[in-house]
Participant: 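Below is one structure. I have some questions about it.
The model shown is predicted, which means the values in this text are computed figures rather than measured ones. Numbering of ligands and ligand atoms starts at 1, following listing order.
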Amino acid sequence: MDSISSFAAIGLIILLVLVGIYRRYTRISIAYIPGPPSDSFLLGNLPEYFQSQAGEADFKWQEVYGDVVRIKASFGEDRLLISDPKALQYIHQTSGYRWFKPKERRELSRLVSGRGILWAYGDDHKRHRKVMLPGFGGPEAKSFVPLFSACAARLASKWMDLIADTKDQSTIVNIPHWASRATLDAIGEAAFDYQFGAMDNADNALGNAYANLFPDTFGSLSKGDIFKQTIMAHIPDRLLVWLGDYMPNKKMDHVRHTARLATSVAKDLVDMKSEELLQGKGRRDVMSLLVKANASENTKTQLTLEELLAQMRVIIMAGHETTANTLSWALLELSRHPEMQVRLRQEIRQMERTLRERGDSEFTTADFDSMPYLGAILKETLRVHPVAYTVYRETSNDDVIPLSKPIRTLNGDMITEIPVPAGQKILSSISGYNRNKETFGPDAHTFNPERWLEPAGIRKIVPLGVYGNLMTFLGGVHACIGWRFAVQELQSFLVELINNFEFTLTDDAKKIRREACLVMVPTVEGEVDKGAQLPLRVSIASRDDDNYC
Ligand code: HEM
């Protein structure tokens with residue numbers, strides 16, 4: 001009997017090995033796609049990718065190998081780093097639901113913002129999106145312009161106070177610190193009709209919890225951190241969730257603290273909105289619409305309480321740090337290019353005169369739309385500094401990725417599409433695509449708003465994304481739901497701040513790093529441990545109209 005068992009066990013092992021070998025050699029391979037060499041079986045090219053500044057590795061490899069690059073992940077696994085427009089269009093727009101977020105990325109998303117829309121996939125994601133979309137349309141976003149402008153004016157008044165106390169009528173401001181608080185207040189009022197009071201109160205608990213959440217948790221990854229992130233893919237789901245929730249880990253403590261705080265604020269908000277609904281007070285903020293949808297009989301438009309609470313965390317997380325950091329990058333570019341800052345201020349003041357002449361005191365969306373240079377500065381900032389610089393996907397079945405232009409394989413063949421096996425992981429390089437030279441011109445690496453003003457400045461290879469043919473807000477089934485909010489909000493802040501202040505570079509601002517920590521955050525070289533920093537000199541902008549006519 002014993003010898004029969006031994007034979008059976010050996011037979012089983014041989015069978016498994018054979019199946020493994022068969023799978024390895026019959027599985028569709030992408031080994032023939034060119035890419036950088038790797039000398040680590042354990043981590044492949046991942047340390048270079050995760051430890052460089054955001055986009056740096058993408059730009060380097062894109063230059064050498066083109067718009068599709070094979071990189072090595074852990075244990076010799078091949079992944080594709082993609083910035084080819086047609087391939088991105090296929091993965092995110094044409095086949096969006098067949099290319100889902102890998103489980104380790106979804107788990108990071110769950111930890112930061114719960115089981116909300118950013119975490120959901122497939123039919124669940126469709127349900128989340130259906131419930132949320134009505135709150136994020138064009139008219140809704142436009143209606144918030146007065147509110148965004150009021151938040152921007154409050155920020156301007158804080159800075160005026162700081163400047164008033166100085167001798168030379170100027171001061172150094174750490175822009176992300178204030179931008180983060182201002183956009184938290186803006187999203188609180190727009191999405192929840194709720195005052196976070198982050199700008200007024202330096203001790204604001206939620207403001208402090210979100211401050212530096214990304215650099216603290218996802219910045220400065222060691223090789224050990226990278227290894228931990230990659231093995232998350234191989235840990236069974238329940239264990240992974242347990243580890244995320246309870247494993248002692250200093251970095252995770254910040255995330256867990258923020259999650260507890262945001263969930264408790266979300267609970268209060270849901271109670272408040274439910275009460276208002278019962279009293280027949282139909283407010284139009286996003287949270288009221290979500291609570292209302294949930295109260296309906298239609299199960300297709302319902303979320304569980306856990307999902308509803310997570311949705312608020314998603315909106316706070318996705319809707320405030322992204323906008324705040326984009327604003328910081330815009331002000332950095334305008335400080336680097338004083339002539340652009342002057343030109344933008346001229347346009348703003350010209351429009352200000354026009355609206356005064358018609359008896360108005362506030363800018364409207366229509367005013368923003370008729371300010372071409374404002375639009376050009378915003379689009380160029382979103383292009384050069386996409387704060388969500390990479391997104392991750394995995395295919396649920398064997399697939400074929402089409403390409404915009406042929407690539408030469410390591411065998412010397414020219415191919416126009418890439419067959420990939422089920423389970424193939426890819427990195428969509430948003431930063432890489434946004435610098436695609438065929439689309440944005442040979443100076444794609446230069447900050448040049450002029451390209452948006454010239455008829456032939458942009459060459460659409462395929463329609464991509466939701467704004468300016470950029471991938472900054474992604475595109476397709478997971479496209480940013482709040483992009484219209486972001487555009488209106490950023491325009492409101494830029495108009496108010498550039499109208500009132502002049503921004504100049506400080507020595508530290510000449511050493512800014514594009515810190516890669518899930519979102520791209522400005523930090524100062526040599527002081528990365530201090531978190532988000534962009535120290536700019538801020539002074540009152542001259543009102544001498546002679547300078548601006
Ligand atoms: C400059 C500002 C912003 C940028 C660059 C940005 C970028 C993005 C990107 C790239 C995604 C896709 C993520 C992925 O699938 O992995 C996304 C999704 C999302 N964004 Fe934004 N976002 C911004 C502002 C906002 C704002 C203001 C809000 C809300 C008010 C918001 C809410 C969301 C939500 C809810 C999703 C999930 C959509 C889905 O999965 O269906 N975002 N955003």
Participant: Taking heavy atoms and a distance under 4.0 Å, where does Ala388 meet ligand 1: side chain, backbone, both or neither?
Facilitator: side chain
Participant: Determine whether the side chains of Thr390 and Tyr49 contain a donor N or O and an acceptor N or O closer than 3.5 Å.
Facilitator: yes
Participant: In terms of residue, atom name and distance, what is the protein heavy atom nearest to atom 37 (C) of ligand 1?
Facilitator: Leu118 CD2, 3.7 Å
Participant: Heavy-atom contacts under 4.0 Å between His125 and ligand 1: side chain, backbone, both, or neither?
Facilitator: side chain
Participant: Heavy-atom count around Lys126 NZ within 6.0 Å, excluding the residue itself: above 12?
Facilitator: yes
Participant: Side chain, backbone, both or neither: which applies to Arg105 and ligand 1 if a contact is any heavy-atom pair less than 4.0 Å apart?
Facilitator: neither
Participant: If we set the cut-off at 4.0 Å for heavy atoms, which region of Tyr392 has an atom near ligand 1: side chain, backbone, both, or neither?
Facilitator: neither
Participant: Give me the residue, atom name and distance of the protein heavy atom closest to atom 38 (C) of ligand 1.
Facilitator: Arg129 NH1, 3.5 Å
Participant: For atom 15 (O) of ligand 1, grab the closest protein heavy atom and report residue, atom and distance to one decimal in Å.
Facilitator: Arg393 NH2, 2.9 Å
Participant: Can you tell which part of Ile117 has a heavy atom less than 4.0 Å from ligand 1: side chain, backbone, both or neither?
Facilitator: both
Participant: Below a 4.0 angstrom heavy-atom separation, can you tell me which part of Lys101, side chain or backbone, both or neither, approaches ligand 1?
Facilitator: side chain
Participant: Quick one: look at Ala120 and ligand 1, take heavy-atom pairs under 4.0 Å, and tell me if it's side chain, backbone, both or neither.
Facilitator: neither
Participant: Report the part of Val286 (side chain from C-beta onward, or backbone N, CA, C, O) that has a heavy atom under 4.0 Å from ligand 1; answer both or neither where that applies.
Facilitator: neither
Participant: Looking at atom 19 (C) of ligand 1, what's its closest protein heavy atom, distance included?
Facilitator: Cys480 CA, 3.7 Å
Participant: Please work out which of Val391, Ile315, Thr472 has its closest non-hydrogen atom nearest to atom 9 (C) of ligand 1.
Facilitator: Thr472
Participant: Looking only at protein heavy atoms, which one is nearest to atom 24 (C) of ligand 1, and how far off is it?
Facilitator: Thr322 OG1, 3.3 Å
